Engineer: 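One structure, as structure tokens, below. Some questions next.
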Amino acid sequence: MKILHTADWHIGKKLHKHSLQPDFDLFIDWLCNCISENEVKVLLVSGDVFDLANPSSEARQQYFKALMKLKRLDCKIILTGGNHDSPTMLNAPQEVLRELDIHIIGGLPNELSECIVPIKNDKNETELLVAALPYLRDADLRTASQGNSYEDRLEALRKGIQQTFLDIAEICKSQFPEVPAIAMGHLFAAGAETSESERDIQIGNQAAFNALQFGDYYNYIALGHIHKPQRVNAATPTFYSGSPIPLSFSERTNKNRILLLDTETGWEPKSIEIPGFRELLKITGTLEKLQQKLLEFQDREGLVSLIEIEMQEENFDSNKIYELDQLVDNFKVEGYEIVKHRASFENKISGSGELYEEKQQLEDLQPLDVFQKLVDKQEEDEETRKELMSAFNEILEEVHQSKKA
């Protein structure tokens, strides 16, 4: 039996206000071909189906379209909730989708046995079990008697994760003896390499779970949450499939993949690289080097490549900031777009107190003037500066109103 492991779809994700909807559509089309070519019978999606707990109507529509495309391939789909997902929202169509052989476990159910999905072969025999555990929230793992100190809470989380996996293993053993089992999980395993697009999980990742505590019952553990594909040190093959598309510029060099298991040959997965659908580029250097690099770009087709630019200069120069803004505004190459630019200087003003002459005292100045000076010196584009000033004015007005009340 062939099984595919993927995770962290993050449907509805935007990168610098650019929707990644077309990227995900291209991935699903590619995934369907991959499932068909490899005669895959089971698809595992280990959490973070959506990017937001309350996804837009467009994101929900894309989700259901993807499920219907995959269902046409006669492939059992098992999908769990992640820390980005709302268990209630994911579970809402649970009963309807189950009739289509699509199993959704949005949050930990009251009965652990409900997480176990038996996989039958052509002879209607249970050939494999999938323990489909979603993201385990604090409420799922802690009890009132487990202490209230910070260390107590972290230890309770670790023990709770371990016990949940051990408990469901015992249920599998008792109900389906001698049947191999795969576990799905959405968590941060100690030693895993993260990126900037992953939200903190289990109290800022400090409750990192030692994957050796999964035990040795499961034949394979399909993890989600960490976007960089990697193996985890555990007693049994344990892998993060990673996200199928880059979700931040820190992930631009990831080799995005899915993992293919063939139970007839063993439990070590085969990595299948996903083609890149959109380039994320980061360019750094002096103003002169940036000008040279941007001139090298030529018109191209396909999804627009997104570019981040950082000007690095030795000494602060407001004219160079202006020239950088002009360089960005005048960049017009088909198939490319600069979505973020900033300037950094080795020698720069470090604080608000240095913006004024020594004879001037900050307390003698108007708050708006001080903030304006600080904003003028920040390495932000003009639109961001305007937003900062607008936000500060709103706060200032609220302070004034509260004083009058």
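These numbers were taken from a predicted model, which means no experiment stands behind them. Count residues from 1 along the sequence.
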Engineer: Does atom CG (Asp299) have a neighbourhood of more than 12 heavy atoms from anything else shown, all under 6.0 Å?
Structural biologist: yes
Engineer: Working to the nearest 0.5 Å, report the span between CD1 of Ile102 and CG of Leu43.
Structural biologist: 10.0 Å
Engineer: Whether Glu296 and Lys293 form a salt bridge (side-chain N of Lys/Arg under 4.0 Å from carboxylate O of Asp/Glu) is what I want to check.
Structural biologist: no
Engineer: Between Asp8 and His225, is there a donor-acceptor pair closer than 3.5 Å when you use the side chain of the first and the backbone of the second?
Structural biologist: yes
Engineer: Among all residues two or more places apart in sequence or in another chain, which pass the ring pair (Phe, Tyr, Trp, His ring centres under 6.0 Å) test with His16?
Structural biologist: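 So His16 forms a ring pair (Phe, Tyr, Trp, His ring centres under 6.0 Å) with Phe249.
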Engineer: Report the distance from atom CD1 of Ile77 to atom CG of Leu97, rounding to the nearest 0.5 Å.
Structural biologist: 9.0 Å
Engineer: Is there a donor-acceptor pair closer than 3.5 Å between any side-chain N or O of Asn219 and the backbone N or O of Ala181?
Structural biologist: yes
Engineer: Would you indicate whether the side-chain heavy atoms of Phe345 and Ile321 approach each other to under 4.5 Å?
Structural biologist: yes
Engineer: Apply side-chain contact (heavy atoms from CB on, under 4.5 Å) to Val40 and Leu73, showing your working.
Structural biologist: CA-CA 9 Å; Val40 171; Leu73 303 172; over 6 Å; no
Engineer: For Ser243, does its backbone N or O pair with a side-chain atom of Asn256 as donor and acceptor, under 3.5 Å?
Structural biologist: yes
Engineer: Check this for me: Asn330, atom CG, are more than 12 non-hydrogen atoms of other residues, nucleotides or ligands nearer than 6.0 Å?
Structural biologist: yes
Engineer: Output the distance between atom CG (Asp101) and atom CG (Asp74), rounded to the nearest 0.5 Å.
Structural biologist: 8.0 Å
Engineer: Could you give the distance from CG (Leu166) to CZ (Phe214), rounded to the nearest 0.5 Å?
Structural biologist: 10.0 Å
Engineer: Identify the two heavy atoms, one from Leu108 and one from Pro134, that lie closest to each other, and give their separation to 0.1 Å.
Structural biologist: N-CG, 3.5 Å
Engineer: In this structure, are over 12 heavy atoms from other groups packed under 6.0 Å from Glu99 atom CD?
Structural biologist: no
Engineer: Give the C-alpha distance, both sets of side-chain angles, the deciding distance and a yes or no for side-chain hydrogen bond (donor to acceptor under 3.5 Å, both in side chains) between Gln62 and Asp25.
Structural biologist: CA-CA 8 Å; Gln62 188 175 33; Asp25 281 340; 2.9 Å; yes
Engineer: Given side chains that start at C-beta, do those of Ile307 and Phe297 come closer than 4.5 Å, heavy atoms only?
Structural biologist: yes
Engineer: Does Gly335 offer a backbone N or O that forms a donor-acceptor pair with the side chain of Arg300 under 3.5 Å?
Structural biologist: yes
Engineer: Roughly how far apart are Glu251 CD and Ser248 OG, rounded to 0.5 Å?
Structural biologist: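 The distance works out to 4.0 Å.
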Engineer: Spell out, as yes or no, whether a donor-acceptor pair under 3.5 Å connects the side chain of Thr263 to the backbone of Met1.
Structural biologist: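 Looks like yes, one N/O pair under 3.5 Å.
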Engineer: Looking at Asp51 and Ile11, would you say the former's side chain and the latter's main chain have a donor-acceptor pair under 3.5 Å?
Structural biologist: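 No; zero donor-acceptor contacts below 3.5 Å.
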Engineer: Quick check: closest heavy atoms across Ser86 and Ala53, and the distance to 0.1 Å?
Structural biologist: CB-O, 3.3 Å
Engineer: What distance separates His227 NE2 from Ser250 OG, expressed to the nearest 0.5 Å?
Structural biologist: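 Output value for this atom pair is 9.5 Å.
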Engineer: Evaluate the criterion side-chain contact (heavy atoms from CB on, under 4.5 Å) for residue pair Ile168 and Tyr217; output intermediate values, then yes/no.
Structural biologist: CA-CA 10 Å; Ile168 201 166; Tyr217 167 72; over 6 Å; no
Engineer: Run the side-chain contact (heavy atoms from CB on, under 4.5 Å) check on Ile283 and Leu294 step by step: do they pass?
Structural biologist: CA-CA 9 Å; Ile283 304 173; Leu294 291 179; 4.1 Å; yes
Engineer: Please say whether more than 12 non-hydrogen atoms of neighbouring residues, nucleotides or ligands are located less than 6.0 Å from CD in Glu337.
Structural biologist: yes
Engineer: Does Lys76 reach the main-chain N or O of Ile119 with its side chain, forming a donor-acceptor pair under 3.5 Å?
Structural biologist: no
Engineer: Determine whether the aromatic ring centres of residues Phe27 and Phe277 are separated by less than 6.0 angstrom.
Structural biologist: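 No, too far apart.
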Engineer: State whether Tyr240 and Arg231 meet the cation-pi test: NZ (Lys) or CZ (Arg) under 6.0 Å from the six-membered ring centroid, and within 45° of the perpendicular axis.
Structural biologist: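 Cation-pi check for Arg231 and Tyr240: fails.
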Engineer: With sequence neighbours left out, which residue pairs that include part of residues 317-328 fulfil the salt bridge (Lys or Arg N to Asp or Glu O under 4.0 Å) condition?
Structural biologist: Glu313-Lys320
Engineer: For the CZ atom on Phe64, are there more than 12 heavy atoms of other groups (residues, nucleotides or ligands in this structure) within a distance under 6.0 Å?
Structural biologist: yes
Engineer: Any donor and acceptor pair, going by atom type alone, linking the side chain of His5 with main-chain N or O of Leu223 inside 3.5 Å?
Structural biologist: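 Yes: the side chain of His5 pairs with the backbone of Leu223.
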Engineer: Who passes side chain to side chain donor-acceptor pair (under 3.5 Å) against Gln61, sequence neighbours left out?
Structural biologist: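 Applying side chain to side chain donor-acceptor pair (under 3.5 Å) to Gln61 gives none.
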Engineer: Show the numbers, then the answer: is there a side-chain hydrogen bond (donor to acceptor under 3.5 Å, both in side chains) between Asp48 and His186?
Structural biologist: CA-CA 8 Å; Asp48 280 353; His186 192 89; 3.3 Å; yes
Engineer: In terms of heavy-atom contacts, does CD of Gln291 have more than 12 from other residues, nucleotides or ligands at under 6.0 Å?
Structural biologist: yes
Engineer: Restricting to non-hydrogen atoms, name the atom on Asp85 and the atom on Gly82 that form the minimum distance, rounded to 0.1 Å.
Structural biologist: OD2-N, 2.8 Å
Engineer: Under the side-chain hydrogen bond (donor to acceptor under 3.5 Å, both in side chains) rule, what do Gln94 and His103 come out as? Steps first, then yes or no, please.
Structural biologist: CA-CA 7 Å; Gln94 192 178 50; His103 298 258; over 6 Å; no
Engineer: Just checking, any donor-acceptor pair under 3.5 angstrom between side chains of Lys120 and Thr126?
Structural biologist: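 Yes, side-chain donor-acceptor contact under 3.5 Å.
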Engineer: Is the shortest distance from a Lys or Arg side-chain nitrogen in Arg342 or Glu310 to a carboxylate oxygen in the other one below 4.0 Å?
Structural biologist: yes
Engineer: Taking everything shown except Lys2 itself, do over 12 heavy atoms lie less than 6.0 Å from its NZ?
Structural biologist: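 Yes, the 6.0 Å shell around NZ holds more than 12 heavy atoms from other groups.
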Engineer: Could you check whether any side-chain heavy atom of Phe50 comes within less than 4.5 Å of a side-chain heavy atom of Leu90, counting everything from C-beta outward?
Structural biologist: yes
Engineer: What residues, two or more places apart in sequence or in another chain, satisfy side chain to side chain donor-acceptor pair (under 3.5 Å) together with Gln163?
Structural biologist: Asp167
Engineer: Not counting sequence neighbours, which residues clear side chain to side chain donor-acceptor pair (under 3.5 Å) with Glu58? List them please.
Structural biologist: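 By the side chain to side chain donor-acceptor pair (under 3.5 Å) rule, Glu58 matches Ser56.
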Engineer: Are His341 and Glu308 close enough, and set up right, to give a side-chain contact (heavy atoms from CB on, under 4.5 Å), and what steps lead you there?
Structural biologist: CA-CA 6 Å; His341 68 283; Glu308 278 190 356; over 6 Å; no
Engineer: Please determine, by modelled atom types, if Gln175 and Ser113 share a side-chain donor-acceptor pair under 3.5 angstrom.
Structural biologist: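 No, no side-chain donor-acceptor contact under 3.5 Å.
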Engineer: Would you say the side-chain atoms of Asn210 pair up with the backbone N or O of Leu212, donor to acceptor, closer than 3.5 Å?
Structural biologist: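 Confirmed, Asn210 side chain pairs with Leu212 backbone.
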Engineer: For the residue pair Tyr220 and Phe239, does the interplanar ring angle fall in the parallel (under 30°), tilted (30 to 60°) or perpendicular (over 60°) class?
Structural biologist: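 Parallel.
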Engineer: With sequence neighbours left out, write down each residue that passes side chain to side chain donor-acceptor pair (under 3.5 Å) with Lys65, or none if nothing qualifies.
Structural biologist: none
Engineer: Any donor-acceptor pair under 3.5 Å linking the side chain of Gln21 with the backbone of Ser19?
Structural biologist: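 No; judged by distance alone, with no hydrogens or angles, the pair does not exist.
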Engineer: Under a 4.5 Å cut-off applied to non-hydrogen side-chain atoms, are Cys75 and Leu70 in contact?
Structural biologist: no
Engineer: Can you tell if the side chain of Val49 reaches within under 4.5 Å of the side chain of Pro55, non-hydrogen atoms only?
Structural biologist: no
Engineer: Might you confirm whether atom CD of Glu264 has over 12 heavy atoms from other residues, nucleotides or ligands at distances under 6.0 Å?
Structural biologist: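 No - once you tally the heavy atoms of other residues, nucleotides and ligands closer than 6.0 Å, there are 12 at most.
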Engineer: Knowing that exactly one of Leu44, Leu259, Ile35 qualifies, which makes a side-chain contact (heavy atoms from CB on, under 4.5 Å) with Leu4?
Structural biologist: Ile35
